[in-house]
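Heads up: the structure comes next, in structure tokens.
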Amino acid sequence: VKYDERGEELRNALKMRNTFESRVKELEKEVKECRAKAEVGDGEAMWRLGGWYQSGNHGLAKDKTQARAWFERSAATRDPRGLSCFGSCLLRGVGGPPNNSLGWVYITDGAHLGSNFAACNLGEAFFHGKYNLPKDPAQARFWLKKVVDGECEFKQSDADKLKRIMIRHCKSQRIGGEVALALPDADCQTVWLDMSADEKVLHKLQKQKVTSDKLQVTSRCGSTCPPM
């Protein structure tokens with residue numbers, strides 16, 4: 001029995017190694033093909049290479065300087081994703097010196113061409129008044145609503161995650177304060193950007209009910225219940 005178990009472990013280990021080696025070869029092939037496209041002027045391929053260097057994916061070592069260089073090349077082809085990523089590097093000084101003014105030029109171009117990441121950056125900056133942009137609720141809502149409504153053609157970032165962030169920001173405009181920004185994702189996902197007066201009342205009552213129910217459960221369970 002012990003011999004059979006040992007043999008099964010070895011077979012599983014060999015299978016895992018083969019799977020890993022196969023995946024490495026696939027990634028190497030994908031990077032090689034992407035680089036070949038990038039070298040002949042494919043803006044999307046340039047953007048992908050930049051992203052892989054930025055995050056250290058696909059077997060490439062993390063290199064912010066290389067990432068910025070590829071994003072810049074992608075932006076030169078007017079790829080919306082390259083424009084937004086290069087603009088973000090300029091704003092934040094990633095892989096090189098910061099340049100807010102030029103960064104906003106690239107990000108705005110990317111947003112107008114359909115990048116949800118660029119629209120998200122503009123909306124957040126106008127909402128908070130960051131990177132030399134003024135606080136402007138109207139502009140913030142304009143760009144954030146594009147993200148939430150899925151109007152952007154190029155979905156660079158996790159759309160659901162962005163949607164939760166943007167709804168949370170818009171809620172804080174409506175109900176005020178940092179409390180809104182700390183609300184759970186579940187609450188953010190069930191609130192629309194526009195609510196009538198009746199909907200606001202119903203939402204408030206629902207939240208009060210949920211809070212009351214949690215308090216009742218806690219009181220019944222005492223200290224043995226995990227945090228909800």
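If you're wondering where the values come from, they're calculated on a predicted model, not measured in any experiment.
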message: Hydrophobic cluster membership, with links at side-chain heavy-atom distances under 4.5 Å among I/L/V/M/F/W/Y: are Leu90 and Phe71 in one?
response: yes
Checklist entry - Just checking, any donor-acceptor pair under 3.5 angstrom between side chains of Asn57 and Ser55? => result yes
Do Arg78 and Leu113 come close enough that some side-chain heavy atom pair is under 4.5 Å?
-> yes
Rounded to the nearest 0.5 Å, the OG atom of Ser115 sits from the CG atom of Asp109 at a distance of 11.0 Å
Q. Is Trp104 reachable from Phe126 through a run of hydrophobic residues whose side-chain heavy atoms are each under 4.5 Å from the next?
A. yes
Quiz prompt | Shared hydrophobic cluster for Tyr106 and Leu91 (ILVMFWY, side-chain gaps under 4.5 Å) | solution = no
> Is Ser84 reaching over with its side chain to a backbone N or O of Phe117, donor-acceptor style, under 3.5 angstrom?
Replying inline: no
If you count heavy atoms of other groups shown closer than 6.0 angstrom to NZ of Lys62, is the number above 12? no
Besides Trp52, the hydrophobic cluster formed by Ile, Leu, Val, Met, Phe, Trp and Tyr side chains linked at under 4.5 Å, directly or via other members, contains Val31, Met46, Leu49, Tyr53, Leu60, Trp70
**Asked** Under a single-linkage definition using a 4.5 Å side-chain heavy-atom cutoff for Ile, Leu, Val, Met, Phe, Trp and Tyr, are Leu133 and Phe142 assigned to the same hydrophobic cluster?
**Response** yes
So the side chain to side chain donor-acceptor pair (under 3.5 Å) pairs with at least one residue in residues 36-49 (sequence neighbours excluded) are Glu44-Arg48
- Task: For Arg92 and Ser88, test the side chains for any donor-to-acceptor distance below 3.5 angstrom and give the result as yes or no.
- Result: yes
